[in-house]
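These notes concern the structure reproduced below.
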Amino acid sequence: MKRFYLLFYLLLCYVLVLILKLKSEGAIISDNCSACHVPYPGMMEEVALVKAKYKYLLDDSLCVECHSSSDNATIKIVGGVKVPIVYNKVPPEKPLAGGNFYYVTKSDRKGHNVGRIASMDKKFKGFPPGYDRETDQSIIGYNPEKPLTCAGSNGCHGDRNIENPFESIRKSHHAKDRPIDGTTTAKSYRFLKGVKGYEDEEWNQNASAKKHNEYTSDIDKLCANCHGKFYKKDFLGKESPWFRHPVDIPLPDKGEYIKYLKYNPNAPVARQKVFSSPSEEVKPGEDKVTCLSCHVAHGSHYDSILRWDYDNIYTHEGQKEGCLICHTGKQD
Amino acid sequence: MSYRKTRLIYITILLLIIVCSSVKGQVKGRCKDCHTMHYSYEGEEVTYGNQTGPFPVLTKGGCIGCHGQNPSGTENIIIIGKARIPQVLHHMEDGDLAGGNFYYVADGYNPDYAKGHNVKGISLPENPPKIVPPGFIGGVVIPGGTNPSYWPQTQQLNCAGTWGCHGNRMIEDPYKSIYGAHHENDTIIDGVTVGKSYRFLFGIVGKEHKDWEYLATNSDHNGYKGSKSYDSMNTISYLCGECHTKFHPHPNLGGSNEVGFYGIMWVRHPSDVAFDFVHKGFAGSEYQGYTTYNLEAPVAFEKPTGKELFIDENSIVMCLSCHRAHASKYPDILRWDYSKISTKTPGQGCLICHTKKAEK
C-alpha cells in the first residue's frame with residue numbers, strides 16, 4: 001500500500017511539473033475547456049455543409065469568436081486564461097500591438113478586411129495591394145477569390161501552406177511554444193509561422209520604451225507574402241534615394257536617424273537577433289526599419305492602417321511623433 | 001530698473017526670438033503634401049504632373065511634380081497646407097518668377113527651344129551640338145571639385161546634380177545632389193551646404209526674395225551676389241559660368257582669353273564686373289545714368305541685401321542682368337526682345353545700362 005501511495009504522489013508531482021512547465025512555455029492550460037471550445041457545427045463533430053465556402057468562413061469565425069469582445073476591453077479572461085482581443089464591437093480602450101479590427105468595420109482604409117469581421121474591400125476586391133506571387137512564400141498562394149482570413153494561405157497566422165485557417169493553426173494553442181524559433185506555428189511569434197520575436201505578455205497593452213514586443217525582420221517577410229511590391233528591392237530602389245519607403249534595412253547610423261536612440265512603441269524597430277526581453281535602446285546602423293514601424297497589422301484609427309494620422313504630420317513645427325520619430329531632423 | 005526699461009528688454013528679447021526662429025526657406029507643412037510613402041494610393045500607382053514614377057525620395061513627381069505640378073494652371077506659387085511652392089512651369093499671366101518660366105520651352109505647350117533651357121522632364125533634349133551648353137569647357141573648378149571633363153552628346157540637362165544647376169554638382173544623381181536641402185535650416189545663406197546656398201545652387205550666396213520676385217519692387221527683390229572683379233566663386237554668374245564657361249572672365253573659367261581684356265576690349269559681354277571697371281572710369285560713363293534698381297536689368301552686389309534701391313559704381317553686371325535662368329518669352333532666354341531694342345528704346349533692355357546709346 002505504501003508503495004502505491006508513493007507511486008501516486010510521484011505521478012501527481014510529475015503531472016504538476018508538466019502543467020507548470022507547459023504554463024511557463026505559454027501553452028494554454030485550463031480546466032475549463034468549454035470556455036473556448038463550444039461545439040460549433042463542423043468543429044466538434046462532422047456535419048454536412050451546404051457549401052465548402054461556408055465551411056471556410058465558419059472555421060475562420062472560430063478565431064474571431066474567442067478574440068472578440070462586445071465591450072472595450074482588449075484583454076479578457078476566459079476560463080482563467082488571458083485572451084488578447086483583436087476585435088472590439090465598440091471603440092477599444094487600449095488597442096493591442098496589432099491594433100484592432102473595430103476600425104475596419106468603419107472604413108475599408110483602416111484595416112485588413114478579415115472575413116467574419118468586415119466585408120470584402122470595395123476597392124481592392126480581395127486582392128492585396130502590391131501582391132507579388134514570387135514573394136509569397138506559401139506554396140498555395142493567396143486566392144483573391146476568397147476572403148482574407150486570420151490564418152492559412154489566405155491569412156497571416158498559422159501555416160500558410162495550409163489553406164484551411166483552422167487546420168493551419170490547429171493545436172498551436174496547446175503546444176509547447178518556447179523557444180520562439182519559428183520552427184513550428186506554436187513556436188513562432190504570435191503563431192505567425194516562421195516569424196521570430198519577443199512577445200510582450202500583455203500584447204503591448206501599456207507598452208512603453210521598456211515594455212514592448214520585440215520584432216525581427218521576419219515580420220517584414222510575412223507582410224511581403226501579400227504586399228511584396230512594398231518589400232522587394234526591385235520596387236523600392238537599392239539605396240537612397242529610395243523610390244518607396246524602405247523596410248528591412250538598418251536605420252542609418254548617420255544624419256537625423258542617429259537621434260532615435262530611445263525605443264518608441266509608436267515607431268518600433270526590428271532587431272537583427274531575437275531578444276529575450278525588451279530593450280529601450282535603439283541602435284541606428286543595427287536596428288531595422290520594419291513595416292510595423294509605421295503600420296499596425298490588424299486595424300488602426302488611421303487610414304492605411306498607420307500608427308498615426310499621416311494627414312497631420314507636420315515638418316519643422318515642433319512635432320516629434322509619427323514620421324518624425326525617425327526623421328528627427330524634421331522636428332524643429 | 002524701471003518698469004519701462006524692463007518692458008523694453010522683454011520686448012527686445014521677444015523680437016529677437018521671433019526673428020531668430022523664422023527659418024525662411026525650410027519647408028514646413030505636412031509630409032504628405034510632398035511625399036507619398038509607397039508610390040500608391042488606394043492600391044493604384046499615382047502620377048503627378050503627367051510624370052510617371054516611382055519618384056526618388058518618395059516625392060510626388062520629383063522636382064517637376066512639385067515645382068511644375070500644373071503647367072496649364074494659373075498659379076505661380078502653389079500653396080499646399082503650410083508649404084508655398086514656387087512654380088517654374090505654369091501659365092499665369094504676368095506671373096513669371098525670377099528664374100522665368102519653363103512654359104515657353106515645355107513640350108506640349110507650343111515650345112520654342114530657343115527660349116529656355118531644355119530640362120529633362122519638361123522638354124526633349126536639343127539636338128547635338130546644342131545639347132552641350134554653349135561655351136562649355138570641361139574640368140573647370142566648381143564648388144566642391146571640378147566639372148566633368150566633357151559633356152556627352154547624349155546627356156540632357158537636369159534640374160540638379162552634375163548635369164544640372166541646383167544641388168551639389170559634384171554628385172551626378174539629381175536627387176542625391178539636393179538631398180535634405182528642403183529640410184535644412186537655411187536662415188543663413190553662406191553657400192556651405194546645398195540647403196544654405198542661394199536657391200539651393202551649391203556654393204552660391206545671395207538674398208532670396210520671399211516670393212521668388214513675384215510682385216517684386218525696385219527696393220524689394222532678390223539680392224544677387226556678384227564680384228567686382230570676377231574673382232569669386234560664390235557669385236550667381238560663376239554658377240552660370242560653370243557650364244557656359246567661356247562667357248565668364250574668372251580665371252578658373254573662360255578668363256580674359258575668352259571674355260576680353262580688362263574693360264578695354266571685350267570679346268564677349270562681361271559679367272561679374274562692377275560699373276567702375278569700365279575703361280576710363282565710372283565718372284562720366286554712360287553707366288552713371290543707371291541710377292535706380294530696375295527689375296528688367298538687375299545688378300549684383302558684393303554684399304547683397306535684396307533691398308538695394310540705388311545703383312552706383314559698385315553695382316555689378318551679371319549674367320542675370322540680361323538673361324533669366326530657366327526660360328523667358330524671348331530668344332536666348334533674354335529678359336527682353338533683343339530684336340526690338342534700339343537707340344529708340346531708351347530705358348529698355350540693353351539701354352537700361354547703356355544709357356548713352358539712346359537717341360537724344
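In what follows, chains are A, B, ... by sequence order, proteins preceding strands, each numbered from 1. Given the structure is predicted, the values throughout are model-derived calculations rather than measurements. All heavy atoms count here, side chains included; hydrogens, waters and symmetry mates do not.
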Checklist line | Under 3.5 Å donor-acceptor, B/Ser123 side chain and B/Val119 backbone | finding: no
Note to self: Report which part of B/Thr59 has an atom under 4.5 Å of a heavy atom belonging to chain A: side chain, backbone, both, or neither.
What the structure shows: neither
Checklist line | Among the listed options A/His316, A/Glu256, A/Lys123, the residue most often paired with chain B at heavy-atom distances under 4.5 Å | finding: A/His316
Next item on the list: Heavy-atom distances under 4.5 Å only: say whether B/Phe55 touches chain A with side chain, backbone, both or neither.
Entry: backbone
Notebook entry, point to check: Looking at side-chain heavy atoms only, is the closest gap between A/Arg271 and A/Asp287 below 4.5 Å?
Noted result: yes
Check: Which region of A/Tyr310, side chain (C-beta onward) or backbone (N, CA, C, O), has a non-hydrogen atom less than 4.5 Å from a non-hydrogen atom of chain B, or is it both or neither?
Finding: both
Note to self: Among B/Cys31, B/Gly29, B/Pro54, which residue has the highest count of heavy-atom pairs closer than 4.5 Å to chain A?
What the structure shows: B/Gly29
Notebook entry, point to check: Which atoms of A/Asp332 come close to chain B, meaning under 4.5 Å heavy atom to heavy atom: side chain ones, backbone ones, both, or neither?
Noted result: backbone
Check: Once the angle between the rings of B/Trp163 and B/Trp151 is folded into 0 to 90°, is it parallel (under 30°), tilted (30 to 60°) or perpendicular (over 60°)?
Finding: perpendicular
Check: Backbone N or O of A/Asn312 within a donor-acceptor pair of the A/Gln319 side chain at under 3.5 Å?
Finding: yes
Margin query: Would B/Lys82 and A/Tyr314 count as a cation-pi pair here, with the cationic atom under 6.0 angstrom from the ring centre and within 45° of the axis?
Written below: yes
Item checked: Proximal component of B/Asp173, with respect to chain A [non-hydrogen, under 4.5 Å] -> side chain
Margin query: Counting the benzene-type ring for Trp, do B/Phe200 and B/His182 have ring centres under 6.0 Å apart?
Written below: yes
